[in-house]
Structure formats: C-alpha cells, structure tokens
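One structure below.
Nothing here was measured: the structure is a model prediction, and the numbers come from that model.
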Amino acid sequence: MSSQPAPAPLLIACALGIEQLALRAGDRGGAGGPVTVLRTGMGPAAAERSVTRMLADAALRDAAVLATGFCAGLAPGMHPGDLVVAEETRDPRGTTACVGTDLLVKELGRAVPGRTVHTGPLTGSDHVVRGHERSDLRATGAIAVDMESAATLLSAVRAGERPVAAVRVVVDAPEHELVRIGTVRGGISAFRVLRSVLPAFFEWHRSLLLPRR
C-alpha cells in the first residue's frame with residue numbers, strides 16, 4: 001500500500017481577539033493536519049497584509065484558507081447565532097469562489113445542531129454597515145457582510161492556487177442591529193456558536209485533495 005502524502009496545513013483567519021478566543025476555546029481534536037489560527041486585525045487592508053505574510057512562510061505555502069468570525073446579516077429574518085457559508089466572497093477588487101460549500105453546510109449541521117445555516121454571496125466592506133447601507137448591499141444579492149473575508153480569500157488565491165472558504169456567524173442582523181460590532185461579549189449566542197464550529201472546519205479540510213508542489 002502506498003503511503004498517503006502529508007496533509008497540507010489549514011489557516012483559519014479571523015479579525016478580532018474575541019473571535020480568536022472563541023476558536024481557541026473550541027474542540028481542537030480531529031484536525032487532519034497542522035492548523036494555524038491567525039488574528040489579522042480589523043479591516044480589509046489588515047487582512048490582506050496578515051494573510052499575505054503568513055502564506056509567504058514555507059510551512060504555510062500550500063495551506064487551505066478559511067475566513068471566519070462574526071458578520072452582519074443582510075436578509076430579513078436572520079438572527080444572531082445564525083451561520084453564513086459563503087458561495088463566493090466579493091469586494092470592489094473582484095469575486096472569489098469558495099470550495100466545499102455543501103460539505104460545510106452538512107458538517108455545521110452536525111457541529112451546531114439546530115442553528116440556521118444560510119448560503120450565498122458574502123460581500124466585503126471597509127467599515128461596519130448600518131441602516132440603508134444594509135438594504136443597498138442586500139439589493140446586490142449578498143446575504144451578509146463583513147470587513148475581512150473577501151480580502152482574506154482574494155489574498156489567499158493570489159498567493160497561490162488553494163482551496164478557500166468563508167464561514168461567518170451572524171451577530172448583527174436587520175432586526176437586531178448592534179451599536180458597535182466590537183461590543184460582542186462571550187455570553188451571547190454568536191460566541192458560543194463560533195466556539196463550536198471547528199469540527200466542521202476540520203472535516204472540510206480533510207475532504208480536500210490539495211495539489212502537491
């Protein structure tokens with residue numbers, strides 16, 4: 001029997017300290033290969049810099065990249081704690097197709113049973129979106145918005161061919177608008193959901209057949 005090639009790493013990127021805390025508090029068992037959780041800092045420019053720098057490291061050159069954290073839902077009826085699995089991410093510089101959306105939806109259903117999972121385009125912004133901006137973005141077909149996912153995935157594919165995905169937890173929705181997204185506290189549902197999603201990310205990673213260079 002031929003030996004299996006060593007699995008490529010997984011880079012999980014988030015922006016906020018509280019997001020990183022939730023991911024580090026999650027169950028780290030079951031990873032199919034090396035996993036790095038990167039805190040990029042807020043905003044698309046910070047995400048681009050951090051992800052580009054990390055993927056320049058030889059140890060992460062072939063890494064699959066998954067953007068995660070909190071987001072603002074755009075569709076009526078969304079609630080804090082709902083999940084968003086991006087079919088693609090968008091920003092003014094372009095669109096990045098995501099890989100394995102159906103698998104992520106299935107695995108999130110196992111990891112966080114009972115939570116609603118939405119799929120569709122995830123759009124990027126350079127600021128927290130409120131009020132009429134939310135409806136304007138919804139009119140483009142996007143179902144959610146955040147500041148880092150689009151920049152993260154675009155930077156990742158520009159650094160080399162690799163699988164990419166984005167999974168976000170709704171913390172701010174049309175009927176549940178926060179004053180400031182940074183005020184999210186650990187006791188709310190979005191934090192608990194983010195803490196529980198790692199097994200789904202690991203299953204997504206294991207399912208990938210990454211090209212060897």
Side-chain angles (χ1 to χ4, degrees), residues 1-42 44-71 83-89 96-108 110-112 122 124 146-169 193-213:
M1 182 184 299
S2 61
S3 61
Q4 294 293 319
L10 172 61
L11 177 63
I12 301 173
C14 62
L16 301 175
I18 195 168
E19 295 167 340
Q20 186 181 49
L21 178 64
L23 293 164
R24 286 181 170 173
D27 180 6
R28 300 302 295 269
V35 178
T36 299
V37 177
L38 170 67
R39 179 185 174 186
T40 65
M42 287 185 68
E48 180 178 3
R49 284 193 302 269
S50 295
V51 171
T52 300
R53 182 178 66 248
M54 290 296 288
L55 294 178
D57 187 322
L60 291 171
R61 181 186 63 186
D62 294 324
V65 175
L66 194 151
T68 195
F70 303 129
C71 71
L83 286 147
V84 172
V85 179
E87 294 174 340
E88 63 184 29
T89 58
T96 305
C98 296
V99 173
T101 298
D102 291 344
L103 176 67
L104 279 166
V105 170
K106 181 180 75 172
E107 294 300 334
L108 287 167
R110 293 177 177 175
V112 198
L122 176 61
D146 75 86
M147 290 191 284
E148 297 83 24
S149 291
T152 293
L153 299 199
L154 186 59
S155 300
V157 298
R158 285 182 171 176
E161 185 179 352
R162 71 190 71 249
V164 294
V167 176
R168 291 276 171 169
V169 182
V193 171
L194 188 59
R195 191 177 57 193
S196 303
V197 296
L198 282 175
F201 295 176
F202 297 158
E203 284 298 326
W204 175 80
H205 184 219
R206 275 197 290 269
S207 76
L208 304 173
L209 296 174
L210 296 178
R212 307 300 297 177
R213 294 183 182 177

*V51 to A13 - nearest heavy-atom pair and separation*: CG2-CB, 4.5 Å
*Rounded to the nearest 0.5 Å, what separation is found between the CG atom of L208 and the CD atom of E203?*
11.0 Å
*Would you name the heavy atoms of T68 and E19 that are closest together and state the gap between them?*
O-OE1, 4.4 Å
*What distance do D146 atom CG and R168 atom CZ have between them, rounded to the nearest 0.5 Å?*
3.5 Å
*asked:* With a 3.5 Å distance limit and no angle check, can you tell me whether H205 reaches the backbone of A8 through a side-chain donor-acceptor pair?
replied: yes
*V197 and L194: which non-hydrogen atoms are nearest, and at how many Å?*
CG2-O, 3.2 Å
*Measure the OG1-CD distance between T101 and E88 for me, rounded to the nearest 0.5 Å.*
9.5 Å
*Looking only at non-hydrogen atoms, find the nearest pair between L66 and V167 and report the distance.*
CD2-N, 4.3 Å
*Could you tell me which non-hydrogen atom of A165 sits nearest to which non-hydrogen atom of W204, and how far apart they are?*
CB-CZ2, 3.6 Å
*asked:* Checking A47 now: which residues fulfil side chain to side chain contact (heavy atoms under 4.5 Å, CB included) with it, not counting sequence neighbours?
replied: T40, E148, A151, T152
*From S50 atom OG to L55 atom CG, the distance as rounded to the nearest 0.5 Å*: 10.5 Å
*Spatial distance of atom CE (M54) from atom OG1 (T52) [nearest 0.5 Å]*: 11.5 Å
*How about C98 and L153: do any of their side-chain heavy atoms sit closer than 4.5 Å?*
yes
*Least distance between heavy atoms, P163 atom then V99 atom*: CA-CG2, 4.2 Å
*For the atom pair CG (L16) and CZ (F70), what is the distance rounded to the nearest 0.5 Å?*
7.5 Å
*Do you know which of D62, L60, V65 makes side-chain contact (heavy atoms from CB on, under 4.5 Å) with R162?*
V65
_Full working for side chain to side chain contact (heavy atoms under 4.5 Å, CB included) between L198 and I12_ = CA-CA 10 Å; L198 282 175; I12 301 173; 3.7 Å; yes
